[in-house]
Amino acid sequence: MDTAPYGRTGSTVDVVVIGTGPGGEAATGALARSGLDVVAVEDGLVGGECPYYGCIPSKTLIRSADLLASARRADGVAGEVAVTPRFADAYARVRDVTADWDDSASVARLERAGATIVRGTATLTGPRTVAVGDRTWSARRGVLLDVGTRPSAPPIDGLDGTPYWTNRDILRSPDLPRSLLVLGGGAVGLELAQAYARYGTVVTVVESGPRLLAHEEPEAGDLVVGALQADGVTVRTGSPVAAVAYDGERFAVTLDDGSDLDAERLLVATGRTPNTDRLGLQELGVPTEHGFVTTDPHQRVLSGGAVVDGLWAIGDVTGRGGFTHVSMYQSAIAVATITGQKGPGASYRALPRVTFTDPEIGAVGLTEEQARRRGLPVRTGITDLAATSRGATYGPGASGLIKVVADAERRVLVGATSAGPAGGEILGALTVAIQARVPVEELLRTIWAYPTFHRAIGSALADLS
């Protein structure tokens, strides 16, 4: 629905927001409510990737699949249980949570705040100047970029032109494939691989690198491999893809080692490309690195180390990770800067992220490897959740671990991983510890409730060596 097909032609406004992902949407509303004249330009759905093709629909589907797994685990533990998967039920929940991919409510909310929503692709035509087709706006205060990223595919022979799925396609498909090949061993590919396997799809994950979740602790990747295999997923690591073919019914994938795989559907989850190539940043002399822009702690775009007057950026294109919570965090900082409020700039020492597999992989700050590369004097501690008292009482599904990474000189945590049941929730305590630089000695004196999974934080701290 295009609620503002023409908008304000050739007008001057206070701020133009290009892209309304979670951070851009929040900023648009906040700026408009502050009394500024705001135009927000969106070429997709207001709200961006997260509520329609990412976080929200995928976690809704994953929750349905997790319930199936929990029911199966109950058999022989809580009673005699038989489960009949019905993918249509899960897909109905996805359609409901996305409002059937309709952003009308979000548009109406921003309009009630006083913003103008314009549909189309925006281009920067000069300092503080934005064009959408034959319409142009000048922004007194400036332009805020939240243009996000799009799924990208590696240059594999034969892949281009085939009807492969990205995260957008798979989450809009009501069909449960009989078999699925997943290219990519990152969070998106693994989450969906496990969910579909639990509904009965024969799934194979192909990762060109040596391990899954390459940016996390190796112990976490190993844990996920075991969990996927327990759900019937075949995992192929160290397996670059040489070629892809499609015969109208099935995909055939040839690996570098000469082995062949085939499946009804192919999901490509190997990375994303920033949408900055559509902006015309060269008009302002703004450089990008692999499509990402550089910002200062107050979200002002930099060029050669100098602030570009009247240009801010938030979200994926800042290169701080493709996370909704980062975009929202940056959004509040950008709004404060644009409206002339004083406040602290961005800090990423306690940046959290969660992979919603089962077990859940929560992580914050630096991994052990990253800390060592920075030259820090590293000490680590680790504990097995299944071996804890809560693990014993919990029974099936208790697999997990907590690993902490400390700076031995400063005696503070610089990173942590919380993997297991509700790993992302347990991560909260570790995130606060890192953000607030709580001394390890203070954490060791903390009383951790018994018997809980989070009590294992104390055990991991005691294991620091």
Side-chain angles (χ1 to χ4, degrees), residues 1-32 36-50 52-53 103 106-107 110-111 113-151 272-288 291-295 299-303 308-319 322 327 330-331 334-335 337-338:
M1 180 178 66
D2 191 339
T3 59
Y6 300 105
R8 304 168 186 176
T9 303
S11 64
T12 298
V13 296
D14 291 315
V15 181
V16 176
V17 179
I18 303 178
T20 57
E25 180 183 6
T28 298
L31 292 168
L36 297 181
D37 192 3
V38 183
V39 166
V41 184
E42 177 56 60
D43 64 357
L45 296 174
V46 172
E49 195 84 355
C50 175
Y52 300 106
Y53 306 107
D103 65 353
S106 296
V107 172
L110 292 182
E111 290 181 335
T116 297
I117 311 303
V118 175
R119 303 289 190 174
T121 300
T123 304
L124 296 164
T125 55
R128 304 171 187 255
T129 306
V130 176
V132 182
D134 60 358
R135 295 165 284 169
T136 302
W137 290 266
S138 295
R140 298 183 190 92
R141 300 204 182 192
V143 178
L144 174 62
L145 307 178
D146 182 33
V147 295
T149 57
R150 61 186 184 272
R272 301 183 68 83
T273 298
N275 291 324
T276 50
D277 56 338
R278 306 169 179 177
L279 281 174
L281 286 168
Q282 66 277 4
E283 293 292 327
L284 302 182
V286 176
T288 61
F292 297 101
V293 298
T294 302
T295 58
Q299 305 311 134
R300 295 174 294 198
V301 173
L302 300 176
S303 176
V308 179
D309 187 48
L311 188 63
W312 296 265
I314 62 175
D316 296 7
V317 297
T318 64
S327 181
Q330 294 174 333
S331 175
V335 168
T337 306
I338 293 169

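Computed from heavy atoms alone, side chains included, the values below leave out hydrogens, waters and symmetry copies. The model shown is predicted, which means the values in this text are computed figures rather than measured ones.
Of the possible polar contacts, none joining the Ser303 side chain to the Val308 backbone as a donor-acceptor pair under 3.5 Å is found. With hydrogens and angles ignored, the 3.5 Å screen pairs a side-chain donor or acceptor of Gln330 with a backbone N or O of Gly315. A donor-acceptor contact shorter than 3.5 Å is absent between the side chain of Thr318 and the backbone of Ile314. A side-chain donor-acceptor contact under 3.5 Å links Asp103 to the backbone of Val46. Remark: the backbone N or O of Gly19 is not paired with any side-chain donor or acceptor of Glu42 at under 3.5 angstrom. Thr276 contributes a side-chain N or O that, together with a main-chain N or O of Gly291, makes up a donor-acceptor pair within less than 3.5 Å. Judged by distance alone, the side chain of Arg141 and the main-chain N or O of Val16 form no donor-acceptor pair under 3.5 Å. A distance-only check finds no donor-acceptor pair linking the side chain of Asp14 to the backbone of Leu36 [under 3.5 Å].
Looking at Asp43 and Arg278, their side chains come closer than 4.5 Å, going by heavy atoms from C-beta outward. Residues Glu283 and Thr125 are not in side-chain contact: their nearest non-hydrogen atoms beyond the backbone lie 4.5 Å or more apart. Thr288 has its side chain within reach of Val293: a pair of non-hydrogen atoms, C-beta onward, lies under 4.5 Å apart.
Atoms CG and OG1, from Asp37 and Thr12 in turn, are 9.5 Å apart once rounded to the nearest 0.5 Å. The CG atom of Asp277 sits 10.0 Å away from atom CD of Gln282, with the distance rounded to the nearest 0.5 Å. Residue Ile338 holds its CD1 atom at 5.0 Å from CG of Leu31, rounded to the nearest 0.5 Å. Between atom CG of residue Leu311 and atom CZ of residue Arg128 there is a gap of 9.5 Å, rounded to the nearest 0.5 Å. The distance from the CZ atom of Arg150 to the CG atom of Asn275 is 5.0 Å, given to the nearest 0.5 Å. A distance of 5.5 Å separates CG of Leu124 from CG of Leu284, quoted to the nearest 0.5 Å.
Here the closest heavy-atom approach between residue Gly142 and residue Trp312 is recorded as CA-CZ3, 3.6 Å. Closest of all the heavy-atom pairs between Thr20 and Ala40 is CG2-CB, 3.8 Å. Across every non-hydrogen atom of Gly148 and Val317, the tightest pair is O-CG1, 3.3 Å. Ala131 and Thr136 make their closest contact through CB-OG1, 4.1 Å (heavy atoms, listed as atom of the first residue, atom of the second, distance). Closest approach of Ser327 to Asp146, counting heavy atoms only: OG-OD1, 3.9 Å. Across Ala32 and Gly114, no two heavy atoms sit closer than the pair CB-C, 4.0 Å.
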- Message: Go through it in stages, so that I can follow the logic: the residues are Thr337 and Arg300, the test is side-chain contact (heavy atoms from CB on, under 4.5 Å), and I'd like the CA-CA distance, side-chain angles, deciding distance and then a yes or no.
- Response: CA-CA 9 Å; Thr337 306; Arg300 295 174 294 198; 4.2 Å; yes
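Each of Ile18, Val41, Leu279 was evaluated against Val143; a single residue qualifies, Ile18, per the side-chain contact (heavy atoms from CB on, under 4.5 Å) test.
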